[in-house]
A.B. asks: 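Sharing a structure below in structure tokens format, with a few things to ask.
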Amino acid sequence: MLHRPGEAHAVEVFWSGPRRTFAGWYFNLQDPFRRTPIGVDTLDHELDLWWAADADRYVFKDVELFAQRLVEGRYPGMAEAIRAEGDRIAALLDAGRRWWDESWATWQPDPAWSAPRLPADWATVPIDQG
């Protein structure tokens with residue numbers, strides 16, 4: 001994942017299967033990340049863009065689910081900004097812009113790495129509002 005400060009999206013790379021076959025790029029619309037004592041936190045906005053490895057173009061994902069979330073009262077006052085971020089990402093992709101390194105599609109983790117453990121109180125860590 002690429003999270004840049006102040007941006008309302010993340011770029012994610014997806015692989016499939018044990019051979020880690022490149023599956024595509026995922027543009028997750030979300031709140032800009034906030035630092036916490038154990039890392040970062042954000043809020044997913046449901047609406048996303050997906051560009052499959054074998055596709056010529058991206059597609060918007062979860063459009064109907066996003067609409068349902070708005071009916072449910074989620075994202076009050078944020079709907080237009082969320083849609084605008086999706087449109088901004090789409091325009092950049094349409095213009096051929098890439099703000100991530102496409103070689104990430106073939107990245108492999110070091111086999112010696114182990115997964116970090118979250119602290120027992122990870123769900124109650126306060127968010128730095130500063």
A.B. asks: Output every pair passing side-chain hydrogen bond (donor to acceptor under 3.5 Å, both in side chains) with a member in residues 111-122, not counting sequence neighbours, ordered by first then second residue.
C.D. replies: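 side-chain hydrogen bond (donor to acceptor under 3.5 Å, both in side chains) check on residues 111-122 returns no pairs.
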A.B. asks: Start with the C-alpha gap between T21 and W15, add the side-chain angles, then the distance that decides, and say whether side-chain contact (heavy atoms from CB on, under 4.5 Å) holds.
C.D. replies: CA-CA 5 Å; T21 304; W15 299 278; over 6 Å; no
A.B. asks: Test question: given the 4.5 Å side-chain rule for I, L, V, M, F, W and Y, name all other residues clustered with F33, or answer none.
C.D. replies: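 V40, which link up through side-chain heavy atoms under 4.5 Å apart, make up the rest of the cluster.
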A.B. asks: Restricting to pairs with a member in residues 62-80, which pass salt bridge (charged side-chain N to carboxylate O under 4.0 Å, His left out), not counting sequence neighbours?
C.D. replies: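 Qualifying pairs, neighbours excluded: E46-R69, E46-R74, R69-E72, E80-R83.
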A.B. asks: Transitively linked via ILVMFWY side-chain contacts under 4.5 Å: M1 with W51?
C.D. replies: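 Each belongs to a different hydrophobic cluster.
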A.B. asks: I need the full list of salt bridge (charged side-chain N to carboxylate O under 4.0 Å, His left out) pairs touching residues 2-31, with sequence neighbours left out, sorted by first then second residue.
C.D. replies: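 Every salt bridge (charged side-chain N to carboxylate O under 4.0 Å, His left out) pair that includes a residue of residues 2-31, provided the two are not neighbours, is R4-E7, D31-R34.
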A.B. asks: Side chain to side chain contact (heavy atoms under 4.5 Å, CB included) with A90: which residues, sequence neighbours excluded?
C.D. replies: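 Applying side chain to side chain contact (heavy atoms under 4.5 Å, CB included) to A90 gives L49, Y58, F60.
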A.B. asks: Is V63 reachable from L70 through a run of hydrophobic residues whose side-chain heavy atoms are each under 4.5 Å from the next?
C.D. replies: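 Result: yes, single cluster for both.
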A.B. asks: Applying side chain to side chain contact (heavy atoms under 4.5 Å, CB included), can you list everything that pairs with A53, at least two apart in sequence or on another chain?
C.D. replies: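 Expected list: F22.
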A.B. asks: Can you check side-chain contact (heavy atoms from CB on, under 4.5 Å) on V13 and W107, steps first, answer last?
C.D. replies: CA-CA 10 Å; V13 59; W107 178 83; over 6 Å; no
A.B. asks: Quick one: list whatever passes side chain to side chain donor-acceptor pair (under 3.5 Å) with W99, sequence neighbours left out.
C.D. replies: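 W99: side chain to side chain donor-acceptor pair (under 3.5 Å) contacts with H9.
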A.B. asks: Just by modelled atom types, is the L2 backbone N or O under 3.5 Å from a matching donor or acceptor in the W100 side chain?
C.D. replies: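 Not at all, since once roles are kept as given, no pair shorter than 3.5 Å links the two residues.
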A.B. asks: Do any pairs count as a salt bridge (charged side-chain N to carboxylate O under 4.0 Å, His left out) and have a residue in residues 88-112, sequence neighbours left out, and if so which ones?
C.D. replies: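 Only R57-D94, E85-R88 qualify under salt bridge (charged side-chain N to carboxylate O under 4.0 Å, His left out).
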A.B. asks: Check the pair F66, H45 against ring-ring contact (aromatic ring centres under 6.0 Å, His included), reporting the backbone distance first and the verdict last.
C.D. replies: CA-CA 8 Å; F66 176 69; H45 291 164; 8.1 Å; no
A.B. asks: Within the 4.5 Å heavy-atom criterion, are P32 and T42 side-chain neighbours or not?
C.D. replies: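 P32 vs T42: side chains apart.
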A.B. asks: Going by side-chain heavy atoms closer than 4.5 Å, which hydrophobic residues are tied to V59, directly or by a chain of links?
C.D. replies: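 Traced through the cluster, V59 reaches F14, Y26, W50.
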A.B. asks: Ignoring hydrogens, what is the shortest heavy-atom contact between L29 and I82? Give both atom names and the distance.
C.D. replies: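 Heavy-atom minimum between the residues: CD1-O, 3.8 Å.
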A.B. asks: Under 4.5 Å between side-chain heavy atoms, hopping through other hydrophobics if needed: is there a path connecting I89 to L43?
C.D. replies: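 Yes; L43 is reachable from I89 via cluster members.
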